Visitor: 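For reference, the structure I am asking about is given below.
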Amino acid sequence: MTMKDAIASFVHDGDTVSLEGFTHLIPTAAGHEIIRQGRRNLTVVRMTADIVVDQLLAGGCVTKLVSSFVGNSSAGSLGELRRRIEHADPEPLAFEEYSHYGMICRYLAGAQRLPFHPLRSYAGSDLPSVNPGIRKVTSPYPGADGEPEQIYVVPPVNPDVTIIHAQRADRSGNTQVWGLTGVQAEAVYAAKKAVVVVEEIVEDEVVRSDPNRTVIPSHAVHAVVACPRGAHPSFAQGYYDRDNAFYRAWSHISKDPARLREWMAEWVYGTRDHAEYVAKQGEEFWAGLAVGEAMSLPVNYGRRL
Amino acid sequence: MTMKDAIASFVHDGDTVSLEGFTHLIPTAAGHEIIRQGRRNLTVVRMTADIVVDQLLAGGCVTKLVSSFVGNSSAGSLGELRRRIEHADPEPLAFEEYSHYGMICRYLAGAQRLPFHPLRSYAGSDLPSVNPGIRKVTSPYPGADGEPEQIYVVPPVNPDVTIIHAQRADRSGNTQVWGLTGVQAEAVYAAKKAVVVVEEIVEDEVVRSDPNRTVIPSHAVHAVVACPRGAHPSFAQGYYDRDNAFYRAWSHISKDPARLREWMAEWVYGTRDHAEYVAKQGEEFWAGLAVGEAMSLPVNYGRRL
Amino acid sequence: MTATTTATSSELLSVVASRELAGKRTVFAGIGLPTLAASLAHLTVAPTLEIVYESGVCGAHPSHLPETIADAVLITGAEAVLSMATLFGSVLQGGHIDVGFLGAAQIDRHGNLNSSVIGDWDRPTVRLPGSGGAMEVMANSSEVFVVMRRHDPRSFMAELDFCTSPGPDRALADGITPRGAGVTRVITDLGILARAGAGEELQLVAVHPGVTVDQVRAATGWDLRTADEVGTVEPPTAAELGLLREDVDPGRVYLR
Amino acid sequence: MTATTTATSSELLSVVASRELAGKRTVFAGIGLPTLAASLAHLTVAPTLEIVYESGVCGAHPSHLPETIADAVLITGAEAVLSMATLFGSVLQGGHIDVGFLGAAQIDRHGNLNSSVIGDWDRPTVRLPGSGGAMEVMANSSEVFVVMRRHDPRSFMAELDFCTSPGPDRALADGITPRGAGVTRVITDLGILARAGAGEELQLVAVHPGVTVDQVRAATGWDLRTADEVGTVEPPTAAELGLLREDVDPGRVYLR
């Protein structure tokens, strides 16, 4: 499926859309296509709301954000996000805030169809006072001191669609990821539909030679999109490196609304699709992000004699 | 560390000992060494109480069993276990019974230091009536019908020691498993101490060539024991196949107490260690369980240029 | 084109079960008749059927007929192997299984199952294996098929000795709404019992050729309801038997 | 053998923090000063120290100094890469972390931290990144070290604008006993504050050479307690600085 068709089919105005990938394999190209297609009133769920979220905000796609970290990695700030939250400029942004493990537990509960997931954080934090979704349960077992024990819980999240980026999948959607695997599998299982964007679609034999590498089986996947370099400016282990210069630049680009509009006009609205975005960067640029080889040693799965 | 030293150091009379491995990589050799060293009053935690548990019972090591399946795979019955439960012969066996996912959730809660783990089973089953550990919690969020929602929970399990078998580890305990990975990682993280028995200890470079293959990092492991063929009669993917004939034979061996005693005398008490057990089976026997090659295709982890 | 006279009991049950899988996407199956039924269905009425195994294997492409749900030949060449936490949590409890196959020592009129004990739990006459994942398959699959080789009053009981895996009626009485319909089909050597879900009893919907309704009622430990029209099961066709014998289990490991 | 005059602020903080890691086994660290401190400690006072990264990396052996906690060079050649659910659930919440490093915009006398907002949460003057995993690091590490480049009253506050990551006193007041002691060391450009755990305030235990106790009290937004004997921090030795400059960060990525 093309990215255009996948976004058209699986992302609708008003949907709750999860985009996951922790620093590694961020589905940027999918975010850009959502902007190009002009989706509105989305609730975006993403642990680390970073550049792609700032861009979706700038595209006017998002009315609500569910997240545990709103910053440009360690490289600075997200200009559009800060304007939305600090000044309601150009409009307010509803923000449902959690911690990282709170978000992970929401995906776990969503994936496992649980009414809640307990976790040992939030006690004493001000976060529950601004997020009524964070609640407490009394354990039916006595605590270490023999007294009733309380614990915080978070509710499940079940996005209408989860979009992730991965290194490779077969045609039917068996998806393989290596390096940082993040929370992608849980986010996919939590969703009603899932779109997997990959660096390459490979032959069935490649996937089947190493079934433990498959982090998401085909039964959980509704569309597979081939989109090389679709995680830029983040990285794809073994394919291309992180574009740290762009992360640093983003703080400056996004700080100035005019400059941000220009950037969006040139790189998102001004490109028909990600292939054009890639071509526009130029081969020299990509050569700068190229990586060498460090191959895994094979293991023997065995064959009946 | 030798198996003898590992069992002497990490398994004590009265301990709660988890032995995991779902059909694949069952730590049989460790079980035999526990029997040889004459441990008593153990509480054994194991999802599928199968041959190795029947042997530990026959060795007089176990006063309590925590399990979700007490049978000889699909090959028949466990004679000693049935005598203990049906006739308290030669003595009663305390039995704490769960379902498979109940056991998994107990390990998950233990590994995550949670007071309980919720799950969507047990409603309407007679199991909670014979196991007071299975309780209910009311969710702090309304259910699908807007009414308060109840869910069953299980308590954490934190074994004194978890023993697992794996294909390989490095000297410091980074453990790699492929094929069925079962519940081993959770069982190790739930335990106060962990012993990993492996087919082979490999060079650091082997493990580090594929860090996603490491299911248990060294910080969770307290001893690594090299013990080739230590999972027999179960199998080690890529190393040797399952001894289905022995599974079928066990129903007959264990059904007859005299025959069972003879088997134990010959194969457990009569062998000094697992190397002797392996040698006693003979090379022809092992040739019958040999497997051919089906190598995984390597992936590129990438190298900074 | 029928070949009833040559079909063994295993073949009959496998073929009848396979037809019930028409159009299904995912089935949770143990080794034996359920795998035969699912494999045959894959070749006939459910070309996109995926068998998910309790051991964590999805999309197996075994080189040989597997002897256990964790057989090494299921792993080599599979599309995915998941941890048990993911398999039971995200796949099964997460609601990805259309049909779960279960066996049992005892079944009652609502499709509740006993695989734990004969007699009292505390000091049973026979200690059976217990739940394994059966309780989870029952609670979380959209529906459950049960295949019983012997339809007799010792297995089809008015009162179970112990309820291991409860259907939705018992779950609802316990205050909890399960995802699935519970047992919707029971396929036996005498015929097919069916129910749609919560609130319903199993009723006889079809008998095998030569079997009478009275025979089935006599073999059932409760007052078995019958459908307004009890059909006759279409015997296995030569095509079905051919696929089963030549493609699914050529070594006749399970087609005893 | 001392070389104080040549140590930059980053070097000073890294060296002082590294010494506090003596004998520790596992440290949860972000990129920057915490990694420098941990890497130096690994070469000096804590030879078995393992750095665990929020991204899921355990036992990294990077070919280059990493620029982020998820830098590709941390993954290639690592001993293990875990999913975030395992990292946060089994490793961190499971209690495997001895020392967590945290930063913050604001800290109070009990070591509670704010990394969420300046001003009101609803309409903040400055929206900061938020918790990330900080709340979990605080609740679950045995103890937490905080490195603050600038010791001033805008950061060391009597009342936080918002408490993101609470220490044990606030958790206990909320009815829950956390695993860890909370912040036990705060290392700043002026000296070292310390507390043992629940019920205690941070107190000044040492100052850098040339810094007075009054200077530190003036830079602190609450009435800072001081230890009975306030020591003087031993300046970085030539050996420590040599290792830091030549082995840990030869490219001077963080040693600005």
Side-chain angles (χ1 to χ4, degrees), chain A residues 22-24 47-48 67-71 73-75 77 81-82 85-88 97-102 104-105 107-108 119-130 136 143-145 149-152 178-186 215 234-235 237-238 241-242 244 247 291 294, chain D residues 30-32 54-57 67-72 74-77 81-85 87-89 92-93 112 114 116-117 119 121-136 138-140 160 162-179:
Chain A
F22 187 82
T23 309
H24 184 216
M47 286 177 62
T48 51
S67 180
S68 47
F69 188 89
V70 290
S73 177
S74 50
S77 279
L81 182 135
R82 287 188 57 183
I85 292 184
E86 294 168 8
H87 306 291
E97 186 171 2
Y98 290 88
S99 62
H100 272 357
Y101 196 46
I104 294 167
C105 288
Y107 284 122
L108 283 166
L119 75 173
R120 289 207 178 271
S121 12
Y122 294 121
S125 172
D126 281 333
L127 213 50
S129 73
V130 297
K136 269 184 193 169
D145 57 1
E149 183 177 12
Q150 291 195 303
I151 188 158
Y152 274 92
W178 58 99
L180 302 176
T181 55
V183 77
Q184 281 95 311
E186 292 82 358
V215 299
S234 83
F235 66 110
Q237 193 83 31
D241 217 334
R242 191 172 190 263
N244 290 314
Y247 276 85
V291 298
Chain D
I31 293 296
E54 194 179 43
S55 55
V57 180
E67 287 197 47
T68 73
I69 54 163
D71 194 312
L74 287 171
I75 286 96
T76 304
V81 176
L82 306 175
S83 76
M84 297 199 80
L87 196 279
F88 274 88
L92 182 53
Q93 189 172 280
N112 301 303
N114 173 17
S116 298
V117 287
W121 185 87
D122 280 334
R123 181 67 75 87
T125 313
V126 182
R127 176 65 229 195
L128 301 165
S131 167
M135 200 184 292
E136 281 82 29
M138 182 72 94
N140 299 305
L160 304 178
F162 186 90
C163 176
T164 313
S165 304
D169 293 296
R170 284 185 61 118
L172 288 164
D174 196 6
I176 289 174
T177 308
R179 171 173 182 267

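Quick note on labels: first sequence line is chain A, next is B, and so on, each numbered from 1. A quick note: this is a predicted structure, and the numbers were derived from the prediction, not measured.
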Visitor: Non-hydrogen atoms of chain A under 4.5 Å away: do they reach the side chain of D:Leu92, the backbone, both or neither?
Guide: neither
Visitor: Select one option (side chain, backbone, both, neither) describing which atoms of D:Val117 are under 4.5 Å from chain A's heavy atoms.
Guide: neither
Visitor: Does A:Arg120 qualify as a cation-pi partner of A:Tyr152, given the criterion of NZ or CZ under 6.0 Å from the six-membered ring centre and within 45 degrees of its axis?
Guide: no
Visitor: Given heavy-atom pairs under 4.5 angstrom as the criterion, report whether the side chain, backbone, both or neither of D:Glu67 touches chain A.
Guide: both
Visitor: Do you know which of D:Gly89, D:Gly56, D:Pro168 has the most heavy-atom pairs with chain A at a distance under 4.5 angstrom?
Guide: D:Gly89
Visitor: By a 4.5 Å heavy-atom criterion (distance strictly below it), what part of A:Ile104 contacts chain D: side chain, backbone, both, or neither?
Guide: side chain
Visitor: If we define contacts as heavy-atom pairs under 4.5 Å, which of D:Ala139, D:Gly175, D:Ala85 has the most with chain A?
Guide: D:Ala85
Visitor: Measuring heavy-atom distances to chain D, does A:Ile151 have an atom under 4.5 Å in its side chain, in its backbone, in both, or in neither?
Guide: backbone
Visitor: Using the ring of each side chain (for Trp, its six-membered ring), is A:Tyr101 parallel, tilted or perpendicular to D:Phe88, with breaks at 30° and 60°?
Guide: parallel
Visitor: Run A:Gln237 and D:Thr76 through side chain to side chain donor-acceptor pair (under 3.5 Å) and show every step you take.
Guide: CA-CA 9 Å; A:Gln237 193 83 31; D:Thr76 304; 3.1 Å; yes
Visitor: Relative to chain A, which of D:Ser83, D:Pro178, D:Gly30, D:Ser165 shows the most heavy atom pairs under 4.5 Å?
Guide: D:Ser83
Visitor: I'd like to verify something: which residue of D:Arg170, D:Arg127, D:Met138 has the highest number of heavy-atom pairs under 4.5 Å with chain A?
Guide: D:Arg127
Visitor: Highest number of heavy-atom pairs under 4.5 Å with chain A: which of D:Ala134, D:Gly130, D:Ser116, D:Ala171?
Guide: D:Ala171
Visitor: Select one option (side chain, backbone, both, neither) describing which atoms of A:Tyr122 are under 4.5 Å from chain D's heavy atoms.
Guide: both
